[in-house]
Amino acid sequence: MNSLLWILQALVALCFLYSGICKSVFSEKQLVEKGQTGVEGMSLAFIRFIGITEVAGAVGIILPFWLNIFPVLTIISACCFAFIMIPAGIIHFKRHEYKQVVTNVGLFIVCFVIAFGRMKM
């Protein structure tokens, strides 16, 4: 189970690290062209804020448990990622972007599994 959780944590970290770096670097128009349509209509400052928090969460879902320094932060990061998938899914649903909704639901489930699995360890 531990190996599965590490694989899931790495996948979630990579996913949010990529998304966070893109949101921290690219403009709204460039993000929409790259397929990150959920940011459409948001202010650049808010997009940057989301990007920075996604990068921080990607670090938080790996390092605390790996280094055994406040490992509860890994659980908190997973819960926060799961939580933000709810409004992300709603935004994509309202825009009739059902493929992205499926991705949001999948990430929600994976983050929930990580949080629950790490609570047991």
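The distance from the CD1 atom of Ile84 to the SG atom of Cys79 is 12.0 Å, given to the nearest 0.5 Å. Distance check, rounded to the nearest 0.5 Å: CZ of Phe65 to CG of Leu73 gives 12.0 Å. Rounding to the nearest 0.5 Å places CZ of Arg118 at 8.5 Å from CD1 of Ile75. To the nearest 0.5 Å, atom CG of residue Leu5 and atom CZ of residue Phe116 are 11.0 Å apart. Taking CD of Glu33 as the start and CD of Glu28 as the end, the distance is 11.0 Å to the nearest 0.5 Å. Rounding to the nearest 0.5 Å gives a distance of 10.0 Å between SG of Cys111 and CD of Gln9.
Shortest non-hydrogen contact noted between Ile114 and Ala78 is CG2-CB, 3.9 Å. When every heavy atom of Ala82 is checked against every heavy atom of Phe112, the shortest pair comes out as CB-N, 4.5 Å. Listed here is the closest heavy atom pair of Pro64 and Phe70: CB-O, 3.4 Å. Of all heavy-atom pairs spanning Pro71 and Asn68, the tightest one is CG-OD1, 3.6 Å. The two residues Arg48 and Phe26 make their nearest non-hydrogen contact at NH1-O, 2.7 Å.
Following chains of ILVMFWY side-chain contacts shorter than 4.5 Å, one cannot reach Val55 starting from Leu67, and the two form parts of different hydrophobic clusters. One hydrophobic cluster, built from ILVMFWY side chains closer than 4.5 Å, cannot hold both Leu107 and Ile91; they sit in different ones. Cluster membership check: Ile47 does not share its hydrophobic cluster with Ile52, using side-chain heavy-atom separations under 4.5 Å among Ile, Leu, Val, Met, Phe, Trp and Tyr. Phe108 and Ile7 end up in different hydrophobic clusters when Ile, Leu, Val, Met, Phe, Trp and Tyr side chains are linked at under 4.5 Å. Put simply, Leu8 and Met1 are part of the same group of oily side chains (I, L, V, M, F, W, Y) that touch within less than 4.5 Å, one to the next.
Using bins of under 30°, 30° to 60° and over 60° for the plane-to-plane angle, the ring pair Phe46/Phe49 lands in the parallel bin.
Between Met42 and Ile50 the shortest side-chain heavy-atom distance falls below 4.5 Å. Ser19 has its side chain within reach of Gln36: a pair of non-hydrogen atoms, C-beta onward, lies under 4.5 Å apart. Between Thr74 and Ser77, the closest side-chain pair of non-hydrogen atoms is not below 4.5 Å. Side-chain contact check for Glu97 versus Val102: every heavy-atom pair is 4.5 Å or farther apart.
The environment of Trp66 atom CH2 is sparse: at most 12 non-hydrogen atoms of other residues, nucleotides or ligands sit within 6.0 angstrom.
Gln100 and Arg95 share no side-chain donor-acceptor pair at under 3.5 Å. Side-chain N/O atoms of Glu40 and Thr37 include no donor and acceptor closer than 3.5 Å.
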Acceptor/donor pairs from residues 11-18 side chains to any protein atom, 3.5 angstrom cut, sequence neighbours excluded:
none

> Step by step, would you call Phe83 with Met85 a side chain to side chain contact (heavy atoms under 4.5 Å, CB included)?
Replying inline: CA-CA 5 Å; Phe83 177 75; Met85 287 299 98; over 6 Å; no
